[in-house]
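In what follows, every chain begins at residue 1, and chains take the letters A, B, ... in the order their sequences are listed.
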Amino acid sequence: DAGVTQSPTHLIKTRGQQVTLRCSPKSGHDTVSWYQQALGQGPQFIFQYYEEEERQRGNFPDRFSGHQFPNYSSELNVNALLLGDSALYLCASSDRLDYNSPLHFGNGTRLTVT
Amino acid sequence: AQRVTQPEKLLSVFKGAPVELKCNYSYSGSPELFWYVQYSRQRLQLLLRHISRESIKGFTADLNKGETSFHLKKPFAQEEDSAMYYCALVGGSQGNLIFGKGTKLSVKP
């Protein structure tokens with residue numbers, strides 16, 4: 001089992017552009033959460049998806065949007081990129097019906113906005 | 001507001017010394033707390049959760065509601081314990097965690 005996989009690993013974009021990050025959850029998991037981790041900070045919750053709908057959202061602007069597909073994989077989209085969006089973006093998956101199962105994190109996508 | 005505070009950015013100890021990584025939280029209600037660890041070049045992973053009341057790799061953490069703390073302790077640190085440690089609180093659901101800024105533990109030989 002490969003666990004949570006994220007692509008790409010690194011990405012460089014210019015201010016104002018749009019970006020799409022991808023995540024495949026651990027086998028058997030149906031819920032995907034996205035986090036933003038700025039340098040020197042802990043991960044910050046962006047939103048969570050299950051059953052192909054956004055279920056919870058953190059304090060992030062509408063420029064951040066997402067999608068979940070029928071196979072449980074997910075995308076994070078960020079529009080009109082700002083320099084402050086430069087961060088490590090983490091995807092985490094879990095089994096919604098198993099409350100005791102821990103979050104499994106991917107290795108993240110490092111986004112640099114210039 | 002829900003918040004997790006880890007006051008130490010860096011904690012450096014010698015092998016065999018006791019370790020305590022501090023975590024304080026702000027939460028109205030019954031909190032559910034975790035410690036996550038990230039070893040060098042590895043992904044973030046769960047170390048322990050307070051409801052399990054377990055000891056993982058010699059680490060324990062006790063929830064103190066009076067002091068709103070969930071400090072992580074180990075009586076004898078090992079070099080392989082060197083890592084980044086994050087305390088986290090469940091915000092709205094299992095997948096919605098509020099993390100502290102993390103403490104880097106360095107265990108010297």
Hey, is [atom1] on [X] packed in by over 12 heavy atoms from elsewhere, all under 6.0 Å?
X       : atom1 : result
B/Phe99 : CZ    : yes
B/Lys73 : NZ    : no
A/Arg63 : CZ    : yes
B/Phe76 : CZ    : no
A/Asn71 : CG    : yes

Working to the nearest 0.5 angstrom, can you tell me the gap between [X] [atom1] and [Y] [atom2]?
X        : Y       : atom1 : atom2 : answer
A/Gln37  : B/Tyr86 : CD    : OH    : 4.0 Å
A/Leu103 : B/Tyr36 : CG    : OH    : 4.0 Å
A/Gln6   : B/Arg43 : CD    : CZ    : 8.0 Å

Between A/Gln48 and B/Asn96: side-chain donor-acceptor atoms closer than 3.5 Å:
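Looking only at side-chain atoms, B/Asn96 and A/Gln48 do not form any donor-acceptor pair under 3.5 Å.
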
Compare every heavy atom of A/Phe45 with every heavy atom of B/Leu97, then report the nearest pair and how far apart it is.
O-CB, 4.0 Å

